[in-house]
Amino acid sequence: MEAGKDQAIWQVVMAIPEGKVASYGQVASMAGLGRQARYIGRALGKLPAGHAVPWHRVIRSNGQIAFPEGSDKFREQVSLLEREGVEVVRGRVAMGRFQWS
């Protein structure tokens with residue numbers, strides 16, 4: 001069953017348009033997982049090498065990047081978002097402006 005949940009999550013994340021972000025809870029809801037937001041990060045962490053899933057477009061509901069500030073993953077996510085035109089200020093994205101709806 002987990003593989004099916006992971007696939008559903010990855011499909012939702014693939015649908016997030018460039019220049020937009022979605023929260024973990026939003027992805028969970030859209031994948032039919034209700035309020036299982038914490039599962040989303042685990043599923044994204046299982047992505048195989050060379051995947052095309054834009055994991056960097058998934059952030060916390062308050063707009064915050066989930067990785068520790070200054071970590072390699074934090075810097076990578078910020079860089080990928082900024083390349084798509086998403087502004088990241090002090091580790092946060094303005095959800096009102098950039099959230100996918």
Given V27, L44, D6, the one that forms side-chain contact (heavy atoms from CB on, under 4.5 Å) with Y39: D6

Identified side-chain contact (heavy atoms from CB on, under 4.5 Å) counterpart of P54 within the set E18, K20, M14: M14

Closest approach of [X] to [Y] (non-hydrogen atoms, all atoms of both residues):
X   : Y    : answer
V88 : E82  : O-OE2, 3.8 Å
A22 : W100 : CB-CE3, 4.1 Å
F67 : F74  : O-CD1, 3.5 Å
Q77 : V58  : NE2-O, 3.1 Å
S61 : S23  : CA-CB, 3.7 Å

I40 vs L33, side chain to side chain contact (heavy atoms under 4.5 Å, CB included): CA-CA, chis, key distance, verdict: CA-CA 9 Å; I40 305 309; L33 301 173; 4.3 Å; yes

Between [X] (side chain only) and [Y] (backbone N and O only), is there a donor and an acceptor less than 3.5 Å apart?
X   : Y   : answer
Q26 : Q99 : no
W10 : A43 : yes
R57 : V13 : no

Look up atom [atom1] in [X] and atom [atom2] in [Y], then write down how far apart they are to the nearest 0.5 Å.
X   : Y   : atom1 : atom2 : value
K46 : K5  : NZ    : NZ    : 8.0 Å
M95 : R60 : CE    : CZ    : 12.0 Å
Q36 : I9  : CD    : CD1   : 8.0 Å

Residue among E84, R83, K73 satisfying side chain to side chain donor-acceptor pair (under 3.5 Å) with H56: E84

